[in-house]
Amino acid sequence: MPEICVGERRWAVPTGSNLLDALNEAGLNVPYSCRAGSCHACLVHCLEGQPADALPEALALDKHAQGWRLACQCRVVGDLRVAVFDPLQDGIPARVSALDWYGDVLRLRVRPERALRYQAGQHVLLWNGSIARPYSLASLPGEDDFLEFHIDCQRPGLFCDKARSLDVGDVLRLGELRGGALHYEQDWHARPLWLLAAGTGLAPLLGILREALRQGHQGDIRVMHVAATAQQHYLTAPLAALAVEHPNVSVEFIVAEQLQAWLQGLRLSSRHTVALACGAPGRIEEFARRLFIAGLPRNQLFADAFVDRAPP
């Protein structure tokens, strides 16, 4: 049987074992979230030997060439020497600068120890102690001197439970920065732009909205936020202020019980419309289905689904 070596520890596992499971069954507590290669929480560094990687394209070519792998996507087929991601050594320290609660949504702002280059719509791995989760950035690079995250704490969870006890001045760590599926293109400047958010899917779309306005977007921008109840809409005042300041921006707030009727009423003003959607997979599917029926070409919808933590 192949052997895995981490530091001074060495143990044998059955050939074909999932690397993430093998590491965690040995008590190494490698974090994970989606188990689908999307969140990058389970990043490990293969120092010797190579596992069978089912999704090599999930990492940048240079990072993959350096030996970094997503443990959830790897099978052990030979001896491996692995280093797990250590947030204290490999992560970027970031100090909490602001904590604002909107019901069960925490708006968290942190200032990293060094500048982080990113684009609106990207997401980053956020470490709180030994617990890591990927979160989208709501901040705007070049204008904000902080990184902003929107954390849905409605349901219990290891990260959310620890987030509730955060104080200004606490230090978190930043890990892997990911591109994500959402972005703004200058070529869209004259086209209608629809931003459809469900829950904290508003976070990356808020950054993209501000990026579009910074770049002088000329087409109409329609922002739509879906929440279970009216009380769960958040950042309503800042969004309304942007709509007042920019005549081409409109903002709509929809509660879940009204969603189907609202979707039925969607009409495209132009087949050149570009739509960006973010939220839970079920909501993304509802948005996509209706937009296709309304005539939006499939290659003009960009979507980023928030995936709940997968079972081991």
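Scope of the values below: all heavy atoms of this structure, side chains included, with no hydrogens, waters or symmetry mates. Along the sequence shown, the residues carry numbers beginning at 1.
- More than 12 heavy atoms of other shown residues, nucleotides or ligands fall within 6.0 angstrom of atom NE2 in H246.
- With F253 as the partner, the side-chain contact (heavy atoms from CB on, under 4.5 Å) test is satisfied by one option alone out of V223, T236, V226: T236.
- No single ILVMFWY cluster, assembled from side-chain heavy atoms under 4.5 Å apart, contains both M1 and L19.
- Within a 6.0 Å sphere centred on CG of L61, heavy atoms belonging to other residues, nucleotides or ligands number 12 at most.
- At a cut-off of 3.5 Å, with distance as the only test, no side-chain donor of H150 or Y135 sits close to an acceptor on the other residue.
- Atom CD of Q300 is surrounded by more than 12 heavy atoms from other residues, nucleotides or ligands within 6.0 Å.
- A distance-only check finds no donor-acceptor pair linking the side chain of R210 to the backbone of E143 [under 3.5 Å].
- Annotation: cation-pi pair R107/Y102 absent, no NZ/CZ under 6.0 Å from the ring centroid and within 45° of its normal.
- Here the side chain of D79 pairs a donor or acceptor atom with the backbone of E3 at under 3.5 angstrom.
- Residue F149 is grouped with residue L99 when hydrophobic side chains (ILVMFWY) are merged at heavy-atom distances under 4.5 angstrom, including chains of intermediate members.
- The hydrophobic cluster containing V251 also contains L276, counting ILVMFWY residues as joined when their side-chain heavy atoms lie under 4.5 angstrom apart, directly or transitively.
- With R271 contributing its side chain and L268 its backbone, the two residues share no donor-acceptor pair below 3.5 Å.
- A distance-only check finds no donor-acceptor pair linking the side chain of R95 to the backbone of R111 [under 3.5 Å].
- Using a distance-only test at 3.5 Å, with no hydrogens or angles considered, no donor-acceptor pair links the side chain of D144 to the main chain of F146.
- Ring geometry, F302 versus W188: the interplanar angle falls from 30° to 60°, so the pair is classed tilted.
- Distance alone, capped at 3.5 Å, is enough to place a donor-acceptor pair between the H189 side chain and the Q186 backbone.
- A salt bridge links E211 with R214: the closest approach of a Lys/Arg side-chain nitrogen to an acidic carboxylate oxygen falls below 4.0 angstrom.
- Applying the 6.0 Å contact sphere to CD of E257 captures no more than 12 heavy atoms from other residues, nucleotides or ligands.
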